[in-house]
Amino acid sequence: MAAEDPDGHRVECRLDELLAERGMTLTELAERVGVTVVNLSVLKNNRARAIRFSTLTAVCDALACQPGDLLRVAEPARRGGLIDGH
């Protein structure tokens with residue numbers, strides 16, 4: 001299970017998986033979307049704190065996917081057998 005982010009969210013990006021499924025590189029996606037490889041890398045490595053809807057739309061168009069295919073909410077971290085101390 002994923003640990004909660006220090007900023008209080010558990011949103012994870014599945015960009016690596018989608019690229020692999022489509023046989024596409026991050027560089028190729030960056031060229032198609034018009035975003036830098038560095039910015040996509042930040043997203044891919046779950047370090048992004050925000051994404052513009054226009055960028056999300058372009059990524060989804062390029063990967064022929066829906067936002068829910070790209071982003072997911074991880075399970076809460078378990079603490080002492082309880083979820084979030086409850």
Side-chain angles (χ1 to χ4, degrees):
M1 296 201 187
E4 188 168 303
D5 183 273
D7 291 337
H9 77 82
R10 300 183 326 271
V11 175
E12 296 178 341
C13 182
R14 297 184 56 244
L15 186 54
D16 247 355
E17 296 168 49
L18 293 173
L19 288 170
E21 289 172 6
R22 286 150 179 80
M24 188 183 300
T25 66
L26 196 63
T27 301
E28 184 179 354
L29 179 62
E31 290 170 358
R32 290 184 184 193
V33 173
V35 176
T36 67
V37 173
V38 172
N39 283 342
L40 285 181
S41 181
V42 168
L43 180 64
K44 178 180 77 88
N45 293 314
N46 293 308
R47 293 189 318 263
R49 296 290 166 244
I51 184 171
R52 291 185 176 148
F53 282 163
S54 58
T55 302
L56 181 59
T57 299
V59 169
C60 288
D61 285 347
L63 295 174
C65 70
Q66 293 294 313
D69 299 326
L70 182 64
L71 304 171
R72 72 177 201 100
V73 177
E75 293 291 326
R78 291 187 173 266
R79 297 180 191 136
L82 301 176
I83 296 178
D84 290 335
H86 297 112

Spacing of [atom1] belonging to [X] relative to [atom2] belonging to [Y], to within rounding of 0.5 Å:
| X | Y | atom1 | atom2 | answer |
| --- | --- | --- | --- | --- |
| N39 | R52 | CG | CZ | 9.0 Å |
| S41 | R47 | OG | CZ | 5.5 Å |
| D16 | K44 | CG | NZ | 4.0 Å |

Heavy-atom side-chain contact between [X] and [Y] under 4.5 Å:
| X | Y | value |
| --- | --- | --- |
| E75 | R10 | no |
| L43 | V35 | no |
| L29 | L40 | yes |
| E21 | R14 | yes |
| L26 | L15 | yes |

Using a 3.5 Å cut-off and no angle test, enumerate the donor-acceptor pairs between side-chain atoms of residues 56-71 and protein atoms at least two apart in sequence or in another chain.
from: T57; atom 1: OG1; to: F53; atom 2: O; distance (Å): 2.8
from: D69; atom 1: OD2; to: Q66; atom 2: N; distance (Å): 2.8

Item to check | Flag, side chain of N46 to backbone of E12, donor-acceptor distance under 3.5 Å | outcome: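 Such a contact is absent between N46 side chain and E12 backbone.
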
Checklist entry - Same cluster for V42 and V37 if Ile/Leu/Val/Met/Phe/Trp/Tyr side chains link at under 4.5 Å? => result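 No: no chain of side-chain contacts under 4.5 Å links V42 to V37.
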
